[in-house]
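Here is the structure we will look at, set down as structure tokens.
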Amino acid sequence: MLDKSFDAAASEQRQYAQWEADGRFAAHPESNKRPFSIMMPPPNVTGTLHAGHALDNTLQDVLVRWRRMEGRDALWQPGTDHAGIATQMVVERQLAKDGIDRKQIGRDAFIERVWQWKAQSGDTITRQLRRLGASPDWSRERFTMDEGLSEAVRTVFVRLFREGLIYRDRRLVNWDPEFGSALSDIEVENRETRGSMWYLRYPLADSAGRPTDETITVATTRPETMLGDSAVAVHPEDDRYAALVGRHVVLPLTGRLIPIVADAYSDPEKGTGAVKITPAHDFNDFEVGRRHDLPMPTILDAQAKLTIAEIESDLVEIDGLSSRDFVTGIDGQPREAARRAIVAELERLGWLERVEPHTLQVPHAERGGAIVEPRLTTQWYCDAATLAKPAIEAVEQGRTVFVPRSWENTFFAWMRDIKPWCISRQLWWGHRIPAWYGPDGHVFVALDAAEAQAQARVHYGTETALEQDPDVLDTWFSSGLWPFSTLGWPRKTPEFERYYPTDVLVTGFDIIFFWVARMMMFGLHITGEVPFRTVCMHGLVRDEQGRKMSKSLGNGLDPITLIDEFGADALRFTICALTGPGRDIKLGPSRVKEYRSFVTKLWNAARFCEMNAVAPVPGFDPATATQPISHWILSETDRVIAEATAALEAFRFDEYAASLYRFTWNVFCDWLLELAKPLLAGEAGAAQDELRAVIAHVLGTLLRLMQPVMPFVTETLWESFGFGGSGTLAAADWPQPGLAPAGAAEAREEIDWLTRLIGELRALRTEMGVAPSVLAPLLLRDAAPRTLARAERWSEALRRMGRVCEIAVLGGSLPKGAAQLVLDEATLVIPLEGIVDLEAERARLGKERARLVAEREKSQRKLDNPDFVARAKPEVVEENRDRVAGWSADIERLDAALSRLG
RNA sequence: GGGCGCGUAGCUCAGCGGUAGAGCACUGCCUUGACAUGGCAGGGGUCACAGGUUCAAACCCUGUCGCGCCCA
């Protein structure tokens with residue numbers, strides 16, 4: 001006997017353990033089934049499950065569980081990411097609590113600490129994924145810093161280096177001064193910030209290089225960088241400044257002479273139209289500097305402190321304009337302090353013209369939040385533009401398809417304008433770059449130290465000590481290899497042969513650049529094949545008000561709390577129900593609570609079945625069912641199978657959930673079980689046996705359809721009903737339509753008639769204010785023999801659901817105080833003496849008549865339009881003719897009913 | 001500034017060329033023997049706005065307004 005309510009917590013623990021013990025999640029590369037593979041986006045190894053993971057993994061789990069039932073050999077590849085910056089930051093903070101700096105303990109000891117931290121917290125998120133019910137093949141779990149995956153990283157690095165697609169370059173890079181590392185473009189987020197626009201006057205120099213009274217005013221948001229200016233740029237077509245191009249200005253504070261150059265980068269509309277050029281501290285200025293071959297002095301160091309080393313020798317003392325003492329005095333100041341000092345000094349000397357409030361975009365490190373500083377350094381780069389071409393083609397040709405398709409535009413836009421990818425990071429935690437340097441700086445790139453040493457021997461002709469590059473690779477470099485490195489590549493493995501390219505990637509659009517693009521580039525270049533055939537993009541999880549979840553708002557949702565409170569099935573179903581194509585979802589406890597009642601509804605429906613001795617009948621064939629109710633529910637079941645399957649095929653998780661919800665609640669519970677009640681409570685016999693067998697069959701089908709989204713409650717019911725042993729629903733067959741036997745169309749019509757009749761009766765009684773306890777006769781007038789037979793057949797259901805006490809044919813005149821209904825060819829008379837008032841009934845029928853007349857008008861107007869009849873599709877015209885005819889007949893019957901009232 | 005998306009019932013959203021829908025919320029009735037985590041019935045919408053295409057527009061096109069995101 002089923003408990004009064006579903007105990008989610010107990011079921012979850014037991015079922016999950018059972019599935020794992022039975023190896024239900026395992027891929028079978030040796031099998032001859034058709035493979036189906038999904039790569040789980042690897043979460044941060046030391047992270048915890050957030051709402052975004054819950055969404056992403058629920059969708060993947062639904063797909064995987066469904067495909068397994070379809071008989072595919074499914075590989076859902078799990079694993080975790082070492083998340084270089086994030087993880088190193090966490091461990092550094094831990095050390096900082098004990099007052100330790102990582103440099104004090106050294107690289108090896110620090111890395112040891114990170115591994116310890118990983119060992120301690122590394123399985124948190126995989127445990128949490130289990131709570132969610134996720135069913136990846138845990139036996140194949142991988143970590144980006146596993147030896148195999150690290151070998152893949154080295155192999156790819158060496159290969160790309162040899163192909164010239166990885167190289168070292170000295171150029172401007174995004175620098176995180178707090179962390180002391182380079183970042184890639186996309187790890188920087190621009191935040192709108194209120195700041196100022198400073199207008200600085202620079203004096204023009206005469207031919208001897210001395211300052212004159214003439215000045216040019218430049219506008220800048222970063223006055224402190226003026227010490228590193230190497231030009232002033234004006235637009236080539238800006239008449240105001242045409243005469244000044246080629247002359248020089250004397251840079252205040254430093255006394256250095258810098259040229260005025262013409263460059264289209266300068267926008268005549270902005271500021272004064274003249275802009276200071278600081279090539280070592282601004283990306284646009286860097287390009288201008290390259291075009292005009294300008295010097296590029298660096299004036300901020302790795303900590304973003306002022307450094308004058310590169311300008312010191314050029315400092316010139318000019319009274320009222322520049323001062324060596326001032327400049328040397330602020331050497332080593334943080335950039336903010338340096339700015340204040342420089343602005344104050346310029347103002348004191350009269351070179352600050354004015355200051356205006358100004359909002360600007362300030363680059364911040366995506367992780368950590370430090371203000372990013374452009375900095376001139378030598379880093380390793382990957383030639384992303386070259387790698388992007390085949391990736392773009394693959395999507396253009398549809399070898400990889402985005403769902404929804406519109407994301408392809410975002411992908412194209414970014415890929416077509418991709419910049420060199422800075423892949424080196426000045427961190428300790430990560431894949432160390434497989435490059436070694438000789439004493440003269442010559443670089444040897446090799447799979448390991450021994451191979452590098454061998455190269456050096458050849459190069460130098462003698463044994464020479466080498467030093468490995470201290471830097472590590474961007475984390476996304478290794479995650480870009482995930483679809484094949486997890487399958488054993490670069491070794492030839494059966495897994496790689498079988499599961500690559502993968503079928504689907506499910507991920508949020510926020511990492512389309514970070515991850516999807518990199519996997520496409522690497523996958524195609526390294527293996528020659530796309531990494532996945534379909535990319536299913538979903539949105540972000542927001543809170544119930546639609547706000548982005550953030551630590552600062554404190555509105556983050558903990559999926560585990562939701563699971564504790566409402567059960568994993570409820571959370572999973574909620575996620576599916578809310579996941580429209582590519583749209584953000586608004587999630588919160590109230591939404592999950594809403595859908596928990598659906599889990600409860602299913603449970604109670606099953607309980608009812610159990611109490612009525614509904615149980616699977618071995619060998620039962622639905623095709624042998626004979627009763628209309630059986631035919632009807634089997635054809636409804638066919639429909640839900642088709643709908644659910646089509647929805648999953650189209651990645652429409654919302655439609656999948658909605659079709660299950662509708663069928664379970666509005667068909668199975670509201671009609672099938674209600675109509676079955678009198679039959680189940682009635683005489684035993686073949687009809688009752690058939691009905692029980694059919695209900696059991698439908699319930700079993702329903703459990704199978706729901707297993708992917710609600711694995712726990714369905715598995716529990718599956719076992720209790722004896723559909724199969726414990727934990728076997730996950731391995732059951734996916735239902736196929738075709739259950740309804742011949743004659744189902746007739747049965748559909750009959751049950752449709754019955755439900756319409758009951759609906760009309762209920763509405764009428766409510767409108768008349770008839771208490772449910774009062775039963776009323778149902779008299780049929782002008783009813784066809786078939787209608788009479790149907791009414792007779794369903795008399796008990798009509799009694800219970802329509803509150804009808806007896807059914808009879810009405811030939812003569814209308815009884816006193818009777819209400820009338822028009823249904824198809826028949827008029828139904830419901831005598832309710834003492835309740836129905838003649839005037840009220842007349843008004844009610846009149847209102848109904850008016851409604852039908854209005855409906856008929858709409859269609860008639862169309863038919864009166866010759867263009868409509870001539871041009872509309874014939875079936876549409878026909879449909880409207882039918883409607884008009886139907887309504888006309890109904891109106892006639894209503895008129896008859898009205899005249900009978902007298 | 002460029003691109004993408006969204007504006008449909010109080011809320012969350014589906015529908016994307018042929019009679020405006022669902023869930024939740026709301027109102028009324030119902031302690032009927034699966035479920036009050038329930039049942040039954042009901043109210044509620046110039047489908048942001050303005051043009052256009054079409055026999056027919058929430059749906060297609062153009063523009064406007066508002067909101068969001070991404071890229072400069």
Side-chain angles (χ1 to χ4, degrees), chain A residues 2 4-6 185-186 189-190 267 269 283-284 361 404 406-410 412-414 417 509-510 512-513 539-540 542 544-548 566 570 574 577-588 590-591 593-612 614 652 654-655 657-659 661-662 665-666 669-670 673-674 676-677 680-681 758-773 800-803 854-859 861-873 875-877 879-880 882-884 886-887:
Chain A
L2 290 173
K4 186 114 172 70
S5 61
F6 173 55
D185 300 353
I186 50 179
E189 71 178 15
N190 289 310
D267 182 351
E269 307 290 318
F283 285 95
N284 290 312
Q361 299 287 329
S406 53
W407 285 108
E408 290 177 2
N409 294 328
T410 307
F412 288 142
W414 191 67
D417 188 34
F509 60 71
D510 50 326
I512 192 166
F513 306 142
L540 266 37
R542 297 170 173 276
E544 274 171 320
Q545 281 91 51
R547 296 174 307 183
K548 223 169 173 172
F566 304 108
T574 306
L578 299 181
T579 297
R583 285 186 75 134
D584 289 353
I585 70 169
K586 293 176 191 164
L587 188 65
S590 70
R591 305 309 305 273
K593 192 177 170 189
E594 255 168 60
Y595 285 104
R596 183 188 50 184
S597 57
F598 178 62
V599 180
T600 307
K601 186 73 181 178
L602 173 69
W603 181 263
N604 282 309
R607 259 183 97 229
F608 171 82
C609 291
E610 190 193 39
M611 292 163 88
N612 283 278
V614 168
R652 286 301 302 263
D654 55 342
E655 287 181 355
S659 69
Y661 190 102
R662 268 195 308 269
W665 207 306
N666 305 122
C669 291
D670 290 349
L673 296 187
E674 292 303 326
K677 276 176 184 175
L680 293 172
I758 291 171
E760 294 279 4
L761 286 170
R762 283 167 167 172
L764 173 76
R765 295 175 59 100
T766 299
E767 196 166 344
M768 293 289 161
V770 186
S773 54
R800 288 194 186 216
M801 300 171 77
R803 314 307 289 156
E855 291 291 349
R856 183 177 61 178
E857 265 309 296
K858 275 203 252 176
S859 286
R861 262 203 305 275
K862 289 188 180 182
L863 292 168
D864 290 344
N865 179 350
D867 280 335
F868 173 75
V869 180
R871 298 180 173 225
K873 281 178 278 186
E875 59 268 30
V876 175
V877 177
E879 200 182 317
N880 279 282
D882 290 350
R883 270 183 223 152
V884 168
W887 282 318

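The chains referred to below are lettered A, B, ... by the order of the sequence lines, with proteins before strands, and numbering in each begins at 1. Keep in mind that the numbers below use all heavy atoms, side chains included, and drop hydrogens, waters and symmetry copies.
Between the CZ atom of A:F598 and the C1' atom of B:rC24 there is a distance of 15 Å, given to the nearest Å. The distance from atom CG of A:N604 to atom P of B:rA34 is 10 Å, rounded to the nearest whole Å. Counting to the nearest Å, the C1' atom of B:rG5 and the CD atom of A:E408 are 16 Å from each other. In this structure, CZ of A:R765 is placed 13 Å from C1' of B:rU32, rounded to the nearest angstrom. If you take CZ of A:F513 and P of B:rC69, they are 15 Å apart, rounded to a whole angstrom. Atoms CG (A:D510) and P (B:rC70) sit 10 Å apart, rounded to a whole Å. The CZ-P distance, from A:R591 to B:rC13, rounds to 8 Å in whole Å. Atom P of nucleotide B:rA14 and atom NZ of A:K586 are separated by 10 Å, given to the nearest angstrom.
For B:rA34, its base never sits under 3.5 Å from the side chain of A:K4 at any donor and acceptor pair. Evaluation of atom-type donor-acceptor distances gives a pair under 3.5 Å for the side chain of A:E674 against the base of B:rA34.
The partner of B:rA57 is absent, by the rule that a Watson-Crick or G-U pair needs both atom distances under 3.5 Å. Both distances falling under 3.5 Å, in either a Watson-Crick or a G-U wobble arrangement, place B:rG66 opposite B:rC6. With a cut-off of 3.5 Å on both Watson-Crick or G-U wobble distances, the partner of B:rG28 is given as B:rC40. Pair assignment for B:rG23: B:rC11, on the basis of Watson-Crick or G-U wobble contacts that are both within less than 3.5 Å. Base pairing of B:rC35: no nucleotide in any strand meets the Watson-Crick or G-U wobble criterion (both distances under 3.5 Å). With a cut-off of 3.5 Å on both pairing distances, the Watson-Crick or G-U wobble partner of B:rG1 is B:rC71.
Between A:R596 and B:rU37, a side-chain N or O to OP1/OP2 separation shorter than 4.0 Å is absent. The phosphate of B:rA56 has neither OP1 nor OP2 within less than 4.0 Å of any side-chain N or O from A:K862.
A:E855 places no side-chain N or O within donor-acceptor distance of the main-chain N or O of A:W887, the cut-off being under 3.5 Å. Between the side chain of A:N865 and the main chain of A:D867, a donor-acceptor pair closer than 3.5 Å is present. In this structure, A:D417 contributes its side chain and A:A413 its backbone to no donor-acceptor pair below 3.5 Å. Using a distance-only test at 3.5 Å, with no hydrogens or angles considered, no donor-acceptor pair links the side chain of A:D654 to the main chain of A:L578. A donor-acceptor pair under 3.5 Å is formed between the side chain of A:R803 and the backbone N or O of A:P772. Checked by atom type and distance alone, the side chain of A:E544 pairs as donor or acceptor with a backbone atom of A:S590 at under 3.5 Å.
Contact annotation for A:E875: no contact, since no heavy-atom pair falls under 4.0 Å across all strands. Across all strands shown, A:A872 has heavy atoms under 4.0 Å from base atoms, whether or not it also approaches the sugar-phosphate. Heavy atoms of A:T600 sit under 4.0 angstrom from at least one base atom. The residue A:K593 sits apart from the nucleic acid: no heavy atom pair falls under 4.0 Å. Among the protein residues, A:W665 comes within range of the sugar-phosphate backbone only, with heavy atoms under 4.0 Å from sugar or phosphate atoms but none that close to a base. Counting any heavy atom pair closer than 4.0 Å across all strands shown, A:C669 reaches a base atom. Among the protein residues, A:K601 comes within range of the nucleic acid bases, having at least one heavy atom under 4.0 Å from a base atom. Using a 4.0 Å heavy-atom cutoff across all strands shown, A:E594 reaches sugar-phosphate atoms only and no base atom. Here A:R652 lies in heavy-atom contact (under 4.0 Å) with sugar-phosphate atoms only. Within 4.0 Å (heavy atoms only), A:R800 reaches at least one base atom of the nucleic acid. Heavy atoms of A:N880 sit nowhere under 4.0 angstrom from any nucleic acid atom. Within the nucleic acid shown, A:R583 comes within 4.0 Å of sugar-phosphate atoms alone, with no base atom in reach, counting heavy atoms only.
Between A:A577 and A:D417, the one whose closest nucleotide on RNA chain B sits nearer the 5' end is A:A577. Two residues, A:E767 and A:R803, neighbour RNA chain B, and the one matched to the more 5' nucleotide by heavy-atom proximity is A:R803.
The side chain of A:K858 sits closest to B:rU19 out of B:rC70, B:rA41, B:rU19. Here the nucleotide nearest the side chain of A:V876, chosen from B:rG18, B:rC40, B:rA72, is B:rG18. Relative to the side chain of A:S406, the nucleotides B:rU19, B:rG5, B:rA34 differ in distance, and B:rG5 lies closest. Distances from the side chain of A:Y661 to the nucleotides B:rG39, B:rC13, B:rC24 place B:rC24 closest. Residue A:E879 places its side chain closer to B:rU19 than to any other of B:rU19, B:rG15, B:rA34. Of the candidate nucleotides B:rA72, B:rG68, B:rG18, B:rA72 has the atom nearest to the side chain of A:Q361. With B:rA34, B:rA41, B:rC69 as the candidates, the nucleotide lying closest to the side chain of A:R542 is B:rC69. Nearest to the side chain of A:S597, among B:rA72, B:rU12, B:rU37, sits B:rU37.
Taking the C1' atom of each, B:rC49 and B:rG66 are spaced 10 Å apart, rounded to whole Å. Using P as the reference atom, B:rG42 and B:rG21 are 13 Å apart when rounded to the nearest Å. The P atoms of B:rA36 and B:rU31 are separated by 14 Å, rounded to the nearest whole Å. Taking atom P in both B:rG5 and B:rG10, the straight-line distance is 27 Å, to the nearest Å. Taking the P atoms as reference points, B:rG39 lies 26 Å from B:rG45, given to the whole Å. For B:rC59 and B:rC16, the C1' atoms lie 4 Å apart once the distance is rounded to whole Å. Distance noted for atom C1' between B:rG43 and B:rC29: 15 Å (whole Å). Remark: the separation of the C1' atoms in B:rC6 and B:rA48 is 11 Å, to the nearest Å.
Side chains of A:E594 and A:T574: no donor on one and acceptor on the other come within 3.5 Å.
In this structure A:F509 satisfies the ring pair (Phe, Tyr, Trp, His ring centres under 6.0 Å) test together with A:W407, sequence neighbours excluded.
Using cut-offs of 30° and 60° for the angle between ring planes, the A:W665 and A:F598 rings count as parallel.
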Checklist entry - Where do A:L673 and A:C609 land on the side-chain contact (heavy atoms from CB on, under 4.5 Å) test, with the steps shown first? => result CA-CA 8 Å; A:L673 296 187; A:C609 291; 4.1 Å; yes
